[in-house]
Structures are given as C-alpha cells and as structure tokens.
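Chain identifiers are assigned alphabetically (A, B, ...) following the order of the sequence lines, protein sequences preceding nucleic acid strands; residue numbering begins at 1 within each chain.
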Number of protein chains: 2
Amino acid sequence: MKFTINRSRFIQELATVQRAISTKTTIPILTGVKIVLTDEGLNLTGSNADISIESFLAADDEKAQMQIESTGMIVLQARFFSEIIRRLPESTFTLEVMDNYQVAITSGAAEFTVNGLDADNYPHLPVVEEQNQLKLPVHMLTKLIGETVFAVSQHESRPILTGVHFMLANNQLLAVATDSHRMSQRVVPVENASSDFDIVIPGKSLVELSKSLTDEEAEVEISIMENQVLFKTPTMYFYSRLLEGNYPDTNRLIPNSFNTEITFAVPTLLAAIERASLLSHEGRNNIVRLAIESDSVILYGNSPEIGKVEEELAYEKVTGDPLEISFNPDYMKDALRAFGDMSMTIRFISPIRPFTLEPSEGEVSFIQLITPVRTN
Amino acid sequence: MKFTINRSRFIQELATVQRAISTKTTIPILTGVKIVLTDEGLNLTGSNADISIESFLAADDEKAQMQIESTGMIVLQARFFSEIIRRLPESTFTLEVMDNYQVAITSGAAEFTVNGLDADNYPHLPVVEEQNQLKLPVHMLTKLIGETVFAVSQHESRPILTGVHFMLANNQLLAVATDSHRMSQRVVPVENASSDFDIVIPGKSLVELSKSLTDEEAEVEISIMENQVLFKTPTMYFYSRLLEGNYPDTNRLIPNSFNTEITFAVPTLLAAIERASLLSHEGRNNIVRLAIESDSVILYGNSPEIGKVEEELAYEKVTGDPLEISFNPDYMKDALRAFGDMSMTIRFISPIRPFTLEPSEGEVSFIQLITPVRTN
C-alpha cells in the first residue's frame, strides 16, 4: 500500500473513527486504526467493545487529492499515528507499507518509520443483512437523542436502564429513557419503515453517534441486526451493540389526571433553578422547594452552612390547587435544557407523586417525568 | 455596608483577587474575599500563603455605576459568592450587610442571604515602606517573566531554585532561573532605580502576576520589603512572599569559548523538535539526537516500541566542528518558545558540555543554557 493524501482531509476522517478507539482496551489491536486502501478509496475503521465506526473517503474526493500508487491494508496505533499526522510539516503526506508491517510516513523533510500490525488480525465488523431498515433525517435523529439520552441511568445496577429504548410501530418511532428518578419520552412520525422493531441502544453509543453525525449528511439509514444496530450515511458506518433484556413499560408511569398546572417560559425557569441549585448543591440533600399559590410562585434553595435563596418566579399561567413540592434541581435543569427556548407546562398531582413536563403548545409528543423528594 | 453596582464590572474585580484565593487552605477565612467599602470606593482582597491581591474600584468608576448607601466591610466565601454573582438575573445587584454578618444579595426577584465573616479577623497585609522602588513598563515585566519563569525548578528539594532571581545593580535588572538542567537569563536596562536589590520571587507568584497584569496599565511600581515584594498599578496591589536563601552564582555556568555554532529560524527548529519528541516521549529516556555536519544537519527521534523519525533540518548557518549531541527535547521546546519568531544561534563545546542559545542579531542580552544527555 502506498498513497499520498491531503493532510487536513485525512485528519478529519481519522478523528471520526477515533471516537470509537479507546486506549484502555484489553485487546491490543483495538488501540489501532485499520486502514484499507482499494481503487475505490480509503476506508478507516475504529472499534471498541460498544461501538465501531467505519469511514469512507472516495478515491476521487476533491479535497483529499488522493494519489494511489498501490492498494493494501495495515493497522496503526491510533493515538500515536494521529499525533504524527497532525505535526507533519507539509499540507500532504505519503504513507507506505514496507516489509514486516513497517510503515513509512513522509512529509517534506520529515521521515517517520513506525511499527504497524497485520490488518488480517483486526476483528471483523458485523455483517449487515439489509433488513429492518428505517431512514431518518439526521437532524431528527440527533434531536431525538438529545431529548432522551440525558435521562439514562449512569449506574450498572440495572444495565438495561443505561440505554435508550427505541420502539417502531404503526409508523411511529418512540424513544424513551429513564433512570427510575426521571423519564423522558419522545414520539416522532416516520414514513416507509420496512418492519417494526423494539431495541435498547446504550446511551454512550448514542452520545458518540450524535457527535459523529454532521449536518452535511441529510439522512441516516438505520439497520437492525441480531444484537447490533447500524447507522449508515454516505461516508460513515456507525455500529453499536444493543442492550439485552426487557425494558420496563414506561407508559404506565405517566399519570393522566392532575390537580395543579403551571406554565413557564423555559429560559426563565431554568435560570432561577440554576441559581437555587447553587445553594442546594452545598447541602446534603440537594433539593429545592417550589411553592405555588394562586397569585405567587416562589422557589427556595437552602444550605445551612452557606445561606439561602428565595425568588419569586415569573410564570405564564397557573391553575388548580396550591402546592408545595421539593425536587432535585439537577433533574429539572436537564429536563428544561431538553426543551430549549419555548413555553412548557408542569402538571402536578401531589407533593409525593411524579410530575410531568410537556410543551405548552403544538402537537409535539414529548413528555418528561420527575419524581419529587419527600421532605417529611 | 450597602451598595449597588454593575454586575460585570464587579465580576471583573472579583476575578482579579480570586487568583490569590485557594479553596485548599488551612486558614478558613482565607477561602473568603474581603470586601471593604469606603467613600472613595470598593476594595477587594484575596490572599494565600504565597500571594495577596488587593484591587481597587473608585466610587466614580463609570462602568461600575456604584451607588453607596453606607460604608463598611465583610468577608464572603469567595468561590460561592462568585458563582452567585455570575448567575444573578439583572445587570446590577445590591449587597447589604445585616446583623450577625448575614449578607443579602439581591438582583431582580432573586434574593440570596449568605453567611459572612467578621472582616476584623482577616489577616493584615504587609505594610509598604515606600523604599527600594523601581518602575517598569508592564510589557517589559511580563516579557521578563515569560523569558525566565519556565526554567524554575518544579521540585522542592532545593526550594531556592523554584524562584526567579532578580538582581538590580548599575541600572541593569537581571532575571535568571535554573532547575540545574537548564538556565534562562535576561538583562534589561532600567532608569531611575532608587537602590539596588537582590531577591528571589517564587515562580508560581510570577505566573499569577503575569495573568493579573493587563495592557491597560502602562507601568508597574515594584517595592521591596523585608520578605515581601509589592507590584503596584493604579487599580491593583499584588504582594508576593520572597524566597529565603542564597541563589547560586549562575554567571560562572556560562561558557565563553565554543567549537560548533549553528543558526536556526526558531519556528522551523521548534516544529522539528516537536515532531521528534513525539517518539522520544514514548521511550524511556526522552532524548533526541542532533547530528551536525558541515553540509547537513539531521535530527533523530526514536522509540523502540513505536518507531523512529529522522529529519534533515533547514538551518541558516553552521560553522566549526562536526558534532553529535543528545538532549531532552522538552527543555529545547521551552527554550525556543521563549524566543518567539526570530533567528537564534546555538553554540556547543562538546557532546557532554552545556550549550548556549542566544538571539542571532541585535543587542538583546538574553541567554539560555541546556545540559545535554550523555548517551554512552
């Protein structure tokens, strides 16, 4: 294998697959990036126990200015290789595989010789069976991830809760995550889905996927295999393992009658919660208290050592019974950030029952649930 | 004490004194910021074992829009206080000291009540005796620090070497630092110095001082006391303790006859050293090798596990004997960065004797020394 390529274009490709490469792996070859050159172009692959990313750069890519002298493949230690490429002096470099998996990297007067590994020993990626396919606009997929993934559990005590549950049925795609203290659920309509599915994707995989997708790609194609899911764009294959087990039925958690309702502009409430949490974070319990009266809504934060904060909140509308309720402000912050700049309604049953958060207007099917903290 | 002030102007002042405030201190009151309000304006003070910073905001400061209702003083836990101020909703806030050192901080609908401490218990700063004064342009002082402070020792085994040695004599100010492996020395001419001095200022203090000085101030006035130095601008007093003990005589370390001389453009050599150090960092010894011949100069880096790099260097001029020498590339990187974008000459005696680096042109009195590594 020998080729010359534009350095910054190559760095871009390498950065994409490096998301999947960990330096802490028990399988040494997985600290490497697999480089495969064919007449069609250049494939880079990175992989860890959870995700694998394969990127493709076409031989005629204009920015890459690729000059292929001979095809072939090699595995190079990824972190180190990437640092070398970043520091090369010229705008292009040449990579050549020599005897014994030695690789020469040259750019201007700088000549690196590094030890590579036999690409035949690199693990094979899952074979795509081209079934259970669904196409989604990239912006819809990344929004869906952003609206749910923050609510996955960070603890391995119930592994299934560390993933986001995706269910496709009746041309509707539901995504839901819960850590048993809060829940976030979003439903989007989809078209032309080939068949229904019910899978749980690790939250960490989805975070990496979101970072890997760029607006340049309009659509992503989702294929589901036995225990893997593949997200496919014209320039990237992103594989993630699936979580095994039954995801709890979250629909039954959502209450449908309420005693108090209040509507806020999200940024206003978020700023107040951030202030109140400054004090709650110093206390042992990390809770803030919301007191809703028919003519005033007050938020309290308190830390015995440091002090307290009290703020009368500006709201858009309040109806129903007066209520005093305490909750973890960090859950509320996450929930509000998922809404963005809009109007949002919170509905309460009582100080000890979970409350819901939903957009105040529009037909958007997005609901969140937060469990309050009992204070007496 | 009660006053209203522009929030962003106050945050700026607070950030300056916070440089001196550590959360890890054995004296609890030093985690606080001392706030003193007089009819002249607002004084903030932060302090730790090494440095103290006092900032002054005049009552008639235009941007501060200060409204003073009553004067007084208080100490507030600095990190926490600063987080509160940053998150307040309006562009101004009001601070009022109430009974029992309780402090009310209000802005819009947000009302914080925090526990303060009696400012009478805050340690007193050193008294300035107005002697041993020297005035320096701010840009000259920060340049002097930048050219030397990187070479101080990071180890406490010889505490005196963790500081920069400043000597004023014959209207010349000398600054020198060494960690016994490398040395950096700069001399600048000064005018109107009242009397000579010989002090060692902790490197860490100088780094913080550099960050605290802004180009807005044209001059800084330096006063030396028994065991303290004070850097004074119209809006800030910066105190640092001095290191006690005798600084070694560094002048005798500088050789004055050489066998090989080579001149480089600093950015060219720096980029090559950075590439070579990628490999040396992976090896046990962290050394690179420079081979100087009359018609070629080659830099080598090597790591048995990863690979090697070899680069023919572009140089401006070479004279004297051929030479092969090995050295720690990190010392060379630090040295080159202190020069900036200019031409620099390295002078060697032999592979086992320290070599010097100096600007190739001009009358600037700036010299660095690096001890090579013996490889056989």
Side-chain angles (χ1 to χ4, degrees), chain A residues 28 31-32 76-77 79-90 93 98 100-116 267-268 270-279 281-282 296-315, chain B residues 28 31-32 76-77 79-90 93 98 100-116 267-268 270-279 281-282 296-315:
Chain A
T31 63
L76 290 175
Q77 207 272 320
R79 182 184 58 80
F80 203 73
F81 176 52
S82 137
E83 280 179 17
I84 288 176
I85 302 298
R86 280 169 204 279
R87 293 194 186 266
L88 290 174
E90 305 286 328
F93 71 92
M98 302 177 299
N100 297 317
Y101 310 111
Q102 292 265 298
V103 175
I105 302 164
T106 50
S107 180
E111 292 180 31
F112 282 85
T113 311
V114 298
N115 306 319
T268 308
L270 179 56
I273 294 280
E274 283 174 340
R275 281 188 284 276
S277 70
L278 281 180
L279 282 149
H281 281 168
E282 303 294 312
S296 86
V297 177
I298 300 177
L299 183 69
Y300 299 91
N302 184 31
S303 152
E305 303 82 36
I306 310 270
K308 58 185 184 174
V309 56
E310 173 175 336
E311 181 164 353
E312 183 156 351
L313 301 182
Y315 56 88
Chain B
T31 63
L76 290 175
Q77 208 274 319
R79 182 184 58 82
F80 203 73
F81 177 52
S82 137
E83 282 179 16
I84 289 177
I85 301 298
R86 279 169 204 278
R87 293 194 187 265
L88 291 175
E90 306 285 328
F93 71 93
M98 301 177 299
N100 297 317
Y101 310 111
Q102 292 265 298
V103 176
I105 302 163
T106 51
S107 180
E111 293 180 30
F112 283 85
T113 312
V114 297
N115 305 320
T268 309
L270 179 56
I273 294 280
E274 282 174 340
R275 282 189 283 276
S277 71
L278 280 179
L279 282 150
H281 282 168
E282 303 294 313
S296 87
V297 177
I298 301 178
L299 183 69
Y300 298 91
N302 183 31
S303 151
E305 303 83 34
I306 310 269
K308 58 183 184 177
V309 55
E310 171 174 339
E311 181 165 352
E312 183 156 353
L313 301 182
Y315 55 89

> Are the side chain of B:Arg275 and the backbone of A:Arg87 linked by a donor-acceptor contact shorter than 3.5 Å?
Replying inline: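 Yes.
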
> Quick one: of A:Ala110, A:Ala104, A:Ser303, A:Ala271, who has the most non-hydrogen atom pairs under 4.5 Å with chain B?
Replying inline: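 Going by pairs under 4.5 Å, I would pick A:Ala110.
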
> Which residue out of A:Lys308, A:Gln77, A:Glu274 racks up the most heavy-atom pairs below 4.5 Å with chain B?
Replying inline: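 Heavy-atom pairs under 4.5 Å are most numerous for A:Lys308.
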
> Does a donor on one side chain and an acceptor on the other come within less than 3.5 Å for A:Asn115 and A:Gln102?
Replying inline: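 There is such a pair between these side chains.
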
> Checking A:Glu282 against chain B: side chain, backbone, both or neither under 4.5 Å from a heavy atom?
Replying inline: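 Only the side chain of A:Glu282 comes within 4.5 Å of chain B.
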
>> Is A:Leu279 close to chain B through its backbone or its side chain, or both, or neither, when contacts mean heavy atoms under 4.5 Å?
In response: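 Both backbone and side chain.
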
> Hey, does B:Leu313 have a side-chain heavy atom less than 4.5 Å from the side chain of B:Ile298?
Replying inline: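 No, too far: nothing below the 4.5 Å cut-off.
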
>> Just so I understand: if I count every heavy-atom pair under 4.5 Å between each of B:Thr106, B:Leu278, B:Val114 and chain A, which residue has the most?
In response: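 Of B:Thr106, B:Leu278, B:Val114, B:Leu278 has the most heavy-atom pairs under 4.5 Å with chain A.
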
>> So which atom in A:Ser107 and which in A:Phe93 form the shortest heavy-atom distance, rounded to 0.1 Å?
In response: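 For A:Ser107 versus A:Phe93, the nearest heavy atoms are CB-CB, 3.9 Å.
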
> Considering all heavy atoms of both residues, which atom of A:Met98 and which atom of A:Val103 are nearest to each other, and what is their separation?
Replying inline: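 Looks like CE-C, 4.2 Å.
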
